[in-house]
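Report on one structure; see the data block that follows.
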Amino acid sequence: MEKEMEMDRADDKSSHYSITSAILPSLGAHTNCKTKLRPYIISPSNPRYRAWNAYLVLLVFYTAWASPFQFGFLDRPRGIIPILDNIANSFFAIDIVLTFFVAYLDKSACSMIDDPKRIALRYTKSGFLFDVISTIPSELMRKSMPYFLQSYEYFSILRLWRLRRVSAMFARLEKNRKISYFGVRVLKLICVTLFAVHCAGCFYYFLAARKQDTSKTWLSLAIGNHHDRSISDLYVMCMYWSITTLTTTGYGDLHAVATEEMIFTMLYMLFDLGLTAYLIGNMTNLVVHGTSKTRKFRDTIQAASSFAQRNKLPVRLEEQMIAHLRLRHRTDSEGLQQQETLETLPKAIRSGISHYLFYPLVDKVYLFHGVSNDLLFQLVSEMKAEYFPPKEDVILQNEAPTDLYILVTGAVDLISHKNGMDQVVGELKMGDVCGEVGVLCCRPQLFNVRTKKVSQLLRLDRSSFFNIVKTNIGDGTIIMNNLLQHLKERRDPMMTAILADIEHMLTQGRMDMPLSLCFAANRGDDLLLRQLLKKGMDPNESDSSGRTVLHIAASKGSVECILLLLDFGAHPNRKDSEGNVPLWDAMVGKHQAVIKLLVDNGAKISSGDVGQFASFAVEQGSLDLLKEIIKYGGDVTLLNSLGTTALHTAISEENVEIVKFLLEQGADIDKADVHGWTPRALAEFQGHKEIKELFNLMQPASKETNVCPPEAPCAPYLMKYQSDPAIPLFIPEETARETGSSNGRLRRRASFFQNSLIGFVAARQRHHEGGGGPDYSSTKIANSRIPSRITIRCLEKAHIGRRAVLLPDSIKELLDMGAEKFGISLAKVLTEDGALIEDIEVIRDGDHLVLATSEN
């Protein structure tokens, strides 16, 4: 008994669910259905509104009997019937007003419309006029109409417009699994037949009773003086005639007499023939074909219920089964066979549709941050959208790892089942992924994943995922890194234990995920590195920035990894895209054991850009790093890739100690850089008094020495940071007069400033003691340009790292350069502090910039 009561409650919930959650979002959409309607707007699934509609259906049954009866047997209002009519009319009048506040389902957009204007417009265009006409009292209509239209019976027929409610009621009853489908169909046919018999009988009496000479009618032949008979007797006789005529079995006692009666009888019998043929033929087709899905649905539901009862399944599982079957039936019956539609299309079109619908969402999933567009496109093409009803299990705890899911819309709970109790440990929202640990690490699923409401999820099966990733090993490494970083950031004891298990599996080589040597070296995992090298992977493998595995291991200080790589033939002097060698990475990281190991195996600092290394050490103010470069055979006086020396950089930084050290190492203060600037001229121009004295002390200047190079403008090396004060540039009076500048200053041009470390400044230079400055050429100052070096990184591609580049001429060129290096469309330039840069001229040499998309 308790089992039956539980089933009834479950069925009531399912029935309510089938109405309230009838709106499904389109593929890829966040949601199309509003969970909360506007104030004073009634939901069509509101229980009170449904009860109101059920009551109105009862009144429609009364109208279906009363309207033809009044038409045939009453020539004026009399008795209780007019009173009942007006009572019914008042209820339908209330319903007319109420309809203006009832939301409706827009099937074309599959959304619930609660806009009062749209509701009113839709109602006025459909049945509003007929509802009003059929609701106005007959007495009022007769007074307002012309005399020849004041017949009482004609206004009664107008109320038959309400019969459309009965048709909708039978459509709902046919889908209710608690009621016999066969019984509903039989009841509908009986109602149609009785209504036809009732209408024909009333009209047959109308023909006889309204005739002026009643002696020549069927009434006079059958009864004689029919005025002495009661209406009930007359009604029974009419129904008898109508039924025998409909079934073509009568005319032995009652038959047509008058010509009008004969004509009506013939038309009625012809109608009967057509109706019978139509009912037998078309209703059979409608029942068999039109209701096949409904019958199949009912049979499926019945089979599921029987299966649950036979196997004594818990009520929760039975509810999930029935809810899932109902959702499938609704998607089929309402034309929402979206995934089936996709499957019928060619792969190219299907991939294009999937890319349009799902790519923006999948691109934001943490697991795929930083992967290539090619891999993402392939993954999206293999994903399938699926709908799940509320409280349905998507993944079971300890289930085999077969699929991962991405939540498109809805809400999902993560439930841990321990000691017979379910505990909610998390909730997924749009764009979150579940099942990824099981799929990537080949271990049982960690949680029950259960929907909270109607949800749409993207499913990607494990085999398809690995088939795609195996051809993109670099992207597979990124995905694995993202997973490990995500588990690390969770800071949850359970996640910490899982992370430890995964790392142990990595060291044992028991991962199906294709991994690269760079991944192992970055983690310092020599056991995994050994496993991969034994499989025949290239020990000189490099990442997207040209850094080899040895570079990564040297920067991490992993002696074991470096020993493995060298044993397998890794080249110790390979350069990356910026000219760095593994030995330099180890020196920057101060890994002495690694430095010694690399040097013992033939690594040379001279194989890289030593001038760049020395300049970096100067920028960091590290004298020890300079000494270490010299210790391992590097020449700190060489030009770097930008055409300057470490001495130029030291002068710009005003580091007297490093300048002195470089001079001791043989740096030439009269050695010009790529732009023609000598250290002596630079120190003189920037007014570094202590450095000038040091230069004069160690290498006195000759009289022929010019402050400015002959073919380059006299411009200073500016300070590295934006907070440094600008140095005024002195313009002789002769030059000022020639160029039109006033007060001894040169007018600033748009292309005047292009860099900040070696560039031009619009201000005054200090006068040299004992003489004037050199002869400046305004044309050279205005048109010459000395490039600056800056460091850029991408906010969305943080894993790629920084890039040192030359400052271009405009913000647009800088964004284009960043797009080429990071493989992503960029829209704005920011400082490290997040300030927006709108003009290229505010960027100075040595600045660290952040490139970002417009979304950030």
Side-chain angles (χ1 to χ4, degrees), residues 1-22 24 45 47 50-51 54 169-188 287-288 290-334 336-337 386-400 402-403 410 412-413 415-424 444-445 447-455 457 459:
M1 189 64 168
E2 293 180 356
K3 177 71 172 179
E4 293 179 356
M5 293 176 65
E6 290 178 356
M7 288 182 62
D8 290 340
R9 288 195 296 268
D11 190 75
D12 290 340
K13 293 179 181 178
S14 300
S15 177
H16 178 69
Y17 156 73
S18 65
I19 295 175
T20 57
S21 57
L24 296 175
S45 60
R50 291 162 57 197
M169 180 201 68
F170 278 111
R172 290 194 299 270
L173 291 177
E174 289 175 1
K175 295 180 180 179
N176 193 332
R177 72 184 186 93
K178 297 172 65 176
I179 302 175
S180 171
Y181 176 78
F182 178 79
V184 172
R185 297 297 297 178
V186 170
L187 178 62
K188 183 177 181 179
V287 171
V288 174
T291 62
S292 59
K293 291 182 180 179
T294 303
R295 291 183 60 84
K296 184 178 179 181
F297 161 70
R298 293 174 60 90
D299 293 341
T300 305
I301 292 293
Q302 188 62 41
S305 299
S306 300
F307 175 83
Q309 295 176 10
R310 183 169 59 254
N311 294 280
K312 298 181 180 179
L313 296 180
V315 176
R316 181 179 60 83
L317 288 179
E318 182 181 356
E319 290 178 354
Q320 289 188 12
M321 292 169 56
I322 294 175
H324 182 77
L325 293 174
R326 285 182 178 276
L327 184 62
R328 286 185 56 188
H329 171 70
R330 189 166 66 253
T331 56
D332 291 342
S333 61
E334 296 181 2
L336 297 178
Q337 302 175 3
E386 296 182 353
Y387 290 107
F388 292 87
K391 297 183 180 180
E392 180 172 342
D393 289 328
V394 181
I395 296 176
L396 294 178
Q397 187 173 355
N398 298 321
E399 182 184 2
T402 57
D403 303 286
V412 172
D413 280 336
I415 301 174
S416 178
H417 186 77
K418 291 183 179 179
N419 301 323
M421 299 292 292
D422 287 344
Q423 180 181 2
V424 178
Q445 299 289 4
F447 309 107
N448 275 0
V449 179
R450 185 176 301 163
T451 58
K452 297 177 66 176
K453 55 185 178 182
V454 176
S455 303
L457 292 97
R459 179 176 62 86

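Taking all atoms of both residues into account, the shortest heavy-atom contact from Ser455 to Gly410 is OG-CA, 3.6 Å. Of all the heavy atoms in Lys452 and Pro390, the pair that sits closest is O-CB, 3.9 Å.
Side-chain contact between Val184 and Phe170 is present, with at least one heavy-atom pair separated by less than 4.5 Å. Side-chain contact between Ser416 and Gln397 is present, with heavy atoms from C-beta onward closer than 4.5 Å. Proximity of Leu457 to Phe388: side-chain heavy atoms (C-beta onward) are separated by under 4.5 Å at one or more points.
Considering only residues two or more places apart in sequence or on other chains, Ala304 meets the side-chain contact (heavy atoms from CB on, under 4.5 Å) condition with Met321, Leu325. Take Asp413 and apply the salt bridge (Lys or Arg N to Asp or Glu O under 4.0 Å) test, not counting sequence neighbours, and it matches no residue. With sequence neighbours left out, Glu392 forms a side-chain hydrogen bond (donor to acceptor under 3.5 Å, both in side chains) with His324. With sequence neighbours left out, Arg450 forms a side-chain hydrogen bond (donor to acceptor under 3.5 Å, both in side chains) with Asp393.
The backbone N or O of Ile415 lies less than 3.5 Å from no partner atom in the side chain of Asn448, so there is not a single donor-acceptor pair. Of the possible polar contacts, one joining the Thr451 side chain to the Lys391 backbone as a donor-acceptor pair under 3.5 Å is found.
Remark: Ile395 CD1 to Asp403 CG distance equals 7.5 Å, nearest 0.5 Å. Separation of atoms CD (Gln423) and CZ (Phe447) is listed at 10.0 Å; rounding is to 0.5 Å.
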